Structure formats: structure tokens, C-alpha cells
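Each remark here refers to the structure printed beneath this line.
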Amino acid sequence: MISERLTEIYQLLFDRFGPQNWWPGETQFEIITGAILTQNTNWANVEKAIANLKSAYLLTPEKLYHLNVPELAELIRPAGYYNIKAKRLKSFVNWLFQNYDGQLANLKNLDTNQLRAELLAIKGIGCETADSILLYALGRPVFVIDAYTARVAARHRLIEPDADYEQLRELFQSNLPQDSQLFNEYHALLVRLGKEFCRPKARCSLCPLEKLPHTFNSEYF
Ligand code: SF4
């Protein structure tokens with residue numbers, strides 16, 4: 001039942017919005033950098049910070065490993081919270097060098113759960129960031145949860161409104177095929193839905209999910 005509903009939602013979103021072509025980025029490391037920088041800011045600001053790193057020829061794990069935090073912070077200033085984010089980026093790179101010889105390729109044979117646990121142990125990397133790295137940079141079948149996903153799932157009565165991150169991740173991961181391409185597209189479509197229709201004040205009348213059972217008038221999410 002739930003799996004059918006989730007599949008129906010996906011199909012309705014894909015039919016309306018089409019492919020979202022996530023995640024923008026030319027390399028795995030650029031995607032990881034974007035996932036860390038996008039916390040609490042909009043994507044346009046992240047793009048400016050990434051452009052600064054690119055034009056300084058510093059967007060590789062090795063270059064960032066040898067860069068000090070104040071210099072990195074200055075380059076990523078447009079992304080906001082740049083001192084904190086510089087430390088987070090350095091923490092990720094330090095973990096990569098201390099454990100995997102600085103090579104993203106060395107993560108390839110690691111079990112996804114082990115890799116997820118290691119990412120979550122890095123200071124400043126939370127669930128959404130870790131799962132974005134796993135899915136969009138490393139191609140692992142891990143469903144990314146965010147506020148948009150939580151809102152849609154609760155309003156469509158797929159889960160209790162107070163469900164936590166892991167309960168939401170379990171809802172999607174256990175009821176869909178373990179397909180990273182599907183998870184990639186599904187999350188991107190939910191973000192589009194949340195931005196255009198399922199806002200705090202829902203715009204149900206023209207929404208692609210309007211015909212499905214839902215609660216639209218909730219002040220809780
Ligand atoms: S806007 Fe309304 S119909 Fe669309 S996803 Fe949100 S609650 Fe559902």
C-alpha cells in the first residue's frame with residue numbers, strides 16, 4: 001500500500017516536472033563540497049563559493065588539505081557561515097586523508113552503512129549532508145530526507161507529523177526499489193514540489209498531487 005502510494009507520487013511528480021538533473025557538479029568532490037556548503041543557504045550562494053574555489057584551482061581534496069582554514073573561509077564567504085563551513089570542509093578532507101589516503105576512489109568498496117556511520121562521525125556532517133554525499137557524489141542507494149520531504153509525507157498521511165529523520169528515511173528506503181537513480185530523481189522532485197506547491201502555506205489547487213488524499217491546512221509544518 002505505502003509502496004504503491006510512493007510510486008504513484010513519484011510518477012505524478014515526474015510526469016509534471018520531468019527529470020531534475022541533480023546534483024549539479026563536474027566532479028565527485030565538487031558535489032561533496034556543494035553538499036557541505038548548502039547547509040542554511042540558497043544554491044546561488046553555494047555556486048559563488050564553488051566558483052571562487054574553482055577559479056583559484058583549489059577544488060580538489062589535496063588542495064584543500066593543504067589550505068588553512070582562514071584562507072578557505074575567505075574563499076567560501078559567499079556561502080554564509082563561512083568560518084564554520086570552512087572547518088567542516090577541512091574536517092571532511094582530513095578524514096579522507098587520515099583514513100583513505102586522500103582518495104575518494106578508496107571509498108568505493110566500503111559498505112554503505114559503514115561509510116554512512118563514518119561520515120556522520122565527522123564534525124559538522126549531519127544526516128542530510130551525509131546522505132546527500134552518499135547518494136549524489138558516491139551513487140549509494142540512500143534516500144535523502146529534508147524539510148520538504150517531511151512536509152509532503154506528513155500532509156499525505158504517509159507518516160506521523162512528528163516522525164524523525166531516520167523514520168522518514170526508512171519509509172522511503174524500505175518501500176521503494178534500492179535504486180540510486182530513482183532516489184536521486186525522487187528527492188530532487190520532492191524539493192521542486194516543496195518549493196513550488198507544498199510550501200508552509202500549501203498551494204494544493206494546481207499541485208500534481210492534488211488528487212491524492214492529503215491534509216493541506218496544517219500549521220505544524
Ligand atoms: S501542496 Fe497540497 S496536494 Fe500538493 S503536496 Fe502539498 S499537501 Fe499535497
Side-chain angles (χ1 to χ4, degrees), residues 1-25 31 34-47 79-80 112 116 125-137 139-221:
M1 177 65 184
I2 288 283
S3 60
E4 284 168 18
R5 179 63 60 81
L6 291 179
T7 302
E8 186 179 15
I9 288 173
Y10 176 81
Q11 209 52 58
L12 287 165
L13 295 179
F14 191 82
D15 289 348
R16 172 73 72 89
F17 298 136
Q20 300 300 295
N21 302 314
W22 275 36
W23 179 301
I31 294 169
I36 292 171
L37 294 183
T38 200
Q39 298 167 352
N40 303 311
T41 193
N42 65 48
W43 187 252
N45 293 334
V46 175
E47 283 181 322
T112 298
R116 186 172 194 264
I125 305 274
C127 292
E128 188 181 339
T129 305
D131 291 341
S132 297
I133 291 170
L134 287 166
L135 178 62
Y136 289 104
R140 304 299 181 106
V142 175
F143 206 95
V144 179
I145 301 300
D146 63 1
Y148 299 121
T149 311
R151 190 187 296 153
V152 173
R155 284 177 172 171
H156 282 263
R157 301 172 202 146
L158 301 169
I159 203 161
E160 292 300 316
D162 60 354
D164 65 18
Y165 189 99
E166 286 306 324
Q167 289 169 320
L168 280 154
R169 193 167 73 91
E170 176 73 13
L171 170 76
F172 285 87
Q173 276 201 207
S174 323
N175 289 292
L176 290 168
Q178 300 304 292
D179 177 345
S180 55
Q181 189 48 47
L182 171 68
F183 289 0
N184 173 327
E185 197 65 60
Y186 207 146
H187 173 68
L189 288 165
L190 286 168
V191 171
R192 175 97 180 254
L193 177 71
K195 285 183 174 172
E196 292 188 17
F197 295 99
C198 206
R199 298 174 167 203
K201 188 168 169 46
R203 298 174 164 178
C204 299
S205 62
L206 294 173
C207 176
L209 306 189
E210 205 266 333
K211 70 170 190 174
L212 301 180
H214 61 277
T215 303
F216 60 88
N217 189 20
S218 172
E219 63 198 50
Y220 300 112
F221 18 84

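We count ligands from 1, going down the list as the structure has it; atoms in each ligand are counted the same way. Predicted model only: the values in this text are computed from it and were never measured. Along the sequence shown, the residues carry numbers beginning at 1.
Ring pair W22/Y136 is tilted by interplanar angle, where 30° to 60° counts as tilted.
Closest heavy-atom approach to atom 5 (S) of ligand 1 within the set H156, E196, R155, H214: this belongs to H156.
Rounding to the nearest 0.5 Å gives a distance of 9.0 Å between CG of L158 and CE of M1.
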Could you list the donor-acceptor pairs under 3.5 angstrom formed by side chains in residues 6-13, with sequence neighbours left out?
| unit_1 | atom_1 | unit_2 | atom_2 | d |
| --- | --- | --- | --- | --- |
| T7 | OG1 | S3 | O | 2.8 |
| Q11 | NE2 | D15 | OD1 | 3.3 |

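Close contacts between ligand 1 and F197 involve ligand atoms 1 (S) [criterion: under 4.0 Å to a heavy atom]. Within the listing of ligand 1, atoms 3 (S) sit less than 4.0 angstrom from a heavy atom of E210. The ligand atoms of ligand 1 that sit less than 4.0 angstrom from a heavy atom of C207 are 1 (S), 3 (S), 4 (Fe), 5 (S).
Among pairs with a residue in residues 162-175, those fulfilling side chain to side chain donor-acceptor pair (under 3.5 Å) read R116-E166, D131-Y165, E166-R169, R169-Q173, E170-S174, at least two apart in sequence or across chains.
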